[in-house]
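Below you'll find the structure, written out as structure tokens, and then a few comments.
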Amino acid sequence: MRYTTLGSSGTVVSTQCLGTMTFGAEADEATSGTIIEAFVEAGGTFLDTADVYSTGVSEEIIGRWLKAHPDDAKNLVIATKGRFAMGKGHNDLGLSRRHLRQALDASLTRLGVDHIDLYQMHAWDAVTPIEETLRFLDDAVAAGKIGYYGFSNYLGWQVTKAVHTAREHGWTPPVTLQPQYNLLVRDIEHEVVPACLDGGLGLLPWSPLAGGWLTGKYQRDTTPTGESRLGEDPERGMEAYGPRNKQERTWDVIDAVGAVAKEQGVSSAQVALAWLAAQPAVTSVILGARNVEQLTDNLAAADLDLTEEQLDRLSEVSAPQLDDYPYGTAGVAQRHRSITV
């Protein structure tokens, strides 16, 4: 395992983070506990959850594990999120001071702790003024309820607005952003990554294997079946089989990942994770697993160094497909200039 700081903060975390969305859903409590133990044994120190994961059950499972393993708990950096609905009332969701106060206190109770290291806004809230959200978070830091805060699923302009609003008022700044990012989903490189680099936020990519696509387990024109996310639900959200199967780029990327994996003598999943960890601003890659076998394979990517040629090859084949403007060749040319005559 390798380690780095949490964004621009001074807190050290493992460069792989254990995502726990499967806890209480695809992984029962016993399996979830075994997954945490395997992660900790491998040197992992960073856990990520959210109040909506299994409607609070993920946090409760983690809380019981922390209580039963106090020595290990001392070394773990715990992150959770709030924003989505946890009830049917008008104020049971969002980033208002009212909802965040209730959501944070509920997460502290479920986790069985008096302090959350990283509290993340799970998505943008267009209803609540950003000043209201940021002032609550600054107050929560001052009260000792959270150490740092970050965002998830924010656009570039939203990140920049938050950073500069916090600076303007002298409030605690954000330290991280958690976006979807992988070899099949790279559009955040246009605006979100530059905004995070400019604001000093570290990236915590979710879905680093694109819902299993980058493991190489899916086949062209063959709808998945069996015990996998797409096998159980081929039309699952953004990872749905049909739309990606139709894109030639999908299979070009999968073939390139498989070729590099063969050269390195490792799994395709490890190659995809290693490529992502090498990208600018990435602090820690979030691993999601429904069993220890999946986690063990993914953990091995922490010590995998791809060659520059391999990194370039993967970046080239997975490059987002662009129009000329504003992100294509014509648009990029307008944003740069030479200092030579």
Which atoms form the tightest heavy-atom contact between [X] and [Y], and what is the distance?
X      : Y      : value
Thr283 : Thr5   : CG2-O, 3.4 Å
Ile35  : Asn291 : CD1-N, 3.9 Å
Pro194 : Ile188 : CD-O, 4.2 Å
Gly288 : Asn298 : O-ND2, 4.3 Å
Tyr218 : Gly211 : OH-O, 3.5 Å
Asp51  : Ala103 : OD2-CB, 4.0 Å

Please determine whether side chain to side chain contact (heavy atoms under 4.5 Å, CB included) holds for the pair Leu134 and Tyr149, giving the CA-CA distance in whole Å, both sets of side-chain angles, and the decisive distance to 0.1 Å.
CA-CA 9 Å; Leu134 296 179; Tyr149 72 89; 3.6 Å; yes
Between [X] and [Y], is any side-chain donor less than 3.5 angstrom from a side-chain acceptor?
X      : Y      : value
Thr128 : Thr133 : no
Lys81  : Tyr53  : yes
Gln270 : Gln264 : no
Gln102 : Asn91  : no
Asp312 : Ser315 : no

Is there a donor-acceptor pair closer than 3.5 Å between any side-chain N or O of [X] and the backbone N or O of [Y]?
X      : Y      : value
Glu132 : Arg97  : yes
Gln334 : Ala330 : no
Thr20  : Ser58  : no
Ser54  : Phe23  : yes
Thr22  : Ala27  : no
Thr34  : Ala30  : yes
Ser284 : Ser14  : yes

Using the rule that Ile, Leu, Val, Met, Phe, Trp and Tyr join whenever any side-chain heavy atoms are under 4.5 Å apart, tell me whether Leu93 and Leu137 fall into a single cluster.
no
Please enumerate all residues that pass ring-ring contact (aromatic ring centres under 6.0 Å, His included) together with [X], with sequence neighbours excluded.
X      : answer
Tyr327 : His190
Tyr3   : none
His69  : Trp65
Trp124 : Tyr154, Trp157

Ion pair [X]/[Y], N-O distance below 4.0 Å:
X      : Y      : answer
Asp139 : Lys145 : no
Arg2   : Asp305 : yes
Glu248 : Arg220 : yes

How would you list, by chain and number, every residue that makes a salt bridge (charged side-chain N to carboxylate O under 4.0 Å, His left out) with Glu37, sequence neighbours excluded?
none
What do the steps show when you test Ser152 against Gln120 for side-chain hydrogen bond (donor to acceptor under 3.5 Å, both in side chains), and what is the final call?
CA-CA 7 Å; Ser152 181; Gln120 301 159 103; 6.0 Å; no
Between Leu314 and Leu306, is the side chain to side chain contact (heavy atoms under 4.5 Å, CB included) condition met? List the steps.
CA-CA 10 Å; Leu314 293 171; Leu306 302 180; 3.9 Å; yes
Would you mind reporting whether Leu111 and Ile116 have side-chain heavy atoms less than 4.5 Å apart?
yes
Minimum side-chain heavy-atom gap Leu104-Ile146 below 4.5 Å:
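Leu104 reaches Ile146 side chain to side chain.
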Run the side chain to side chain contact (heavy atoms under 4.5 Å, CB included) test on Phe46 and Leu6 for me, step by step, so that the C-alpha distance in whole Å, both residues' side-chain angles and the decisive distance to 0.1 Å come before the verdict.
CA-CA 10 Å; Phe46 193 15; Leu6 184 63; 3.8 Å; yes
Summary of ring pair (Phe, Tyr, Trp, His ring centres under 6.0 Å) pairs that have at least one residue in residues 74-103, sequence neighbours excluded
Phe84-His122
How far apart are the C-alpha atoms of Arg64 and Lys67, what are their side-chain angles, what is the distance that settles it, and do they pass the side chain to side chain contact (heavy atoms under 4.5 Å, CB included) test?
CA-CA 5 Å; Arg64 287 190 286 269; Lys67 183 177 180 180; 5.7 Å; no
